[in-house]
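Here's the structure we're looking at; comments come further down.
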Amino acid sequence: MTERQAIVSRILNFSCVDGPGNRLVLFLQGCNFNCINCHNPHTINYCNDCGDCVAGCPENALSLDNKGKVIWDEGLCTHCDQCIDVCSYRSSPKVHHLTVSEVLSIIHGQKWFISGITISGGEATMQLPFIIELFERIKDDNELGHLTCFVDSNGYLSESGWNRVLPYLDGAMIDLKSWQQETHLWLVGRSNHKVIQSIRYLAKNKKLHEIRLLHIPQKSDLDQEVDNIACLINQLPETVIVRLNAFQHHGVEGESLQWDKCSEPQMLNFYQSLRLLIPHRIQLPSVYV
Ligand code: SF4
Ligand code: SF4
């Protein structure tokens, strides 16, 4: 049987903010949301090989093959990111196509220094068959038995999709971007019904590790809807962590660059209203830049 392959935008060997402990994080290319405030907009789409970024590469690290596909030579690339600036399609030519075995070999190289792996994105679950095969093989591998397998997701996956990965999944982190349908639709391009369903379903199956709330003052509605948010969180086990993220300008483009950043006092106000309503552990941001 042919192995699954993933389109990977980045690998981080160590992270302590993408799940419990020290984790290796795989960021997959492609997302089914189109957030106005995305802080990694070049991970949203798969490259369509239009070739617009090729000629401008100052290091000749980009070329077109005889089938018209863009080829990236990582050895020549200096990561100046000119290609990402040129791309009007919210994509990047700088991706790796990695098989499950290739990713496993990277994990083996790091296995004594990490407590688990997290698949993030883009939207991780867009490449669900790869995740399932990878997690299954980690669980079958005696030398990797100590590693936990986590997914960081926008929560848009259906119940049947979660069911396929649940046997191998140790935990999930899910973003809730806003409460009212119109706000969510405006902010990300899709409604939040499936996100809330995922939060409830993962919690019911004891796989919800963390719910993440991004506070964007005057744009998202999480602070105005704090009673409804608390009502949802109070239906989740107390072991679920609530992580508050403050909107900043790093990586964003377009109209969201004009939005006010979330200041520490604004975040503390939101925290204090939520603190009064839920018993769960609430994690505040450590930096506001
Ligand atoms: S980041 Fe893009 S434009 Fe810059 S050297 Fe690498 S491939 Fe070329
Ligand atoms: S990365 Fe963007 S500009 Fe470059 S070939 Fe792909 S779609 Fe075109």
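Both counts, for ligands and for their atoms, begin at 1 and track the order of listing. Position 1 is the first residue of the sequence; numbering continues from there.
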CD1-CD distance between Ile7 and Gln127, expressed to the nearest 0.5 angstrom: 5.5 Å
In the protein, N/O/S atoms that are found under 2.8 Å from atom 2 (Fe) of ligand 2, waters not counted: Cys87 SG
Non-hydrogen side-chain atoms of Val103 and Phe130 separated by less than 4.5 Å: yes
Parallel, tilted or perpendicular: ring planes of His215 versus Phe270, cut at 30 and 60 degrees: tilted
Asp141 side chain to His108 side chain, donor-acceptor N/O pair below 3.5 angstrom: yes
Per-atom contacts, ligand 1 versus Asp81 - under 4.0 Å to a heavy atom: 1 (S), 4 (Fe)
Distance from atom 5 (S) of ligand 1 to nearest protein heavy atom, with residue and atom: Thr78 N, 3.6 Å
Electrostatic pair Lys219-Asp260, nearest N-O below 4.0 angstrom: no
Closest approach of any protein heavy atom to atom 4 (Fe) of ligand 1, naming residue and atom: Cys80 SG, 2.3 Å
Contact atoms of ligand 2, heavy-atom distance to Gly51 under 4.0 Å: 5 (S), 8 (Fe)
From Phe150 atom CZ to Asp170 atom CG, the distance as rounded to the nearest 0.5 Å: 6.0 Å
Under-4.0 Å heavy-atom contact with ligand 1, by part of Leu62 that carries it: side chain
Rounded distance [0.5 Å steps], CZ in Arg10 versus CG in Leu28: 13.0 Å
Approximate separation, where rounding is to 0.5 Å, of Cys53 SG and Trp72 CH2: 12.0 Å
Salt bridge flag under 4.0 Å for residues Lys177 and Asp175: yes
Heavy-atom nearest neighbour in the protein, as seen from atom 8 (Fe) of ligand 1, with distance rounded to 0.1 Å: Cys57 SG, 2.3 Å
Side-chain touch Lys67/Asp49, heavy atoms, less than 4.5 angstrom: no
Residue Cys77, metal atom 6 (Fe) of ligand 1, N/O/S under 2.8 Å: yes
Aromatic plane relationship, Phe33 with His184 - under 30° parallel, 30 to 60° tilted, over 60° perpendicular: perpendicular
Atoms in ligand 1 flagged as close to Lys94, the criterion being non-hydrogen separation under 4.0 Å: 1 (S)
Residue part near ligand 1, for His79, under 4.0 Å between non-hydrogen atoms: backbone
Atoms in ligand 1 flagged as close to Glu59, the criterion being non-hydrogen separation under 4.0 Å: 5 (S)
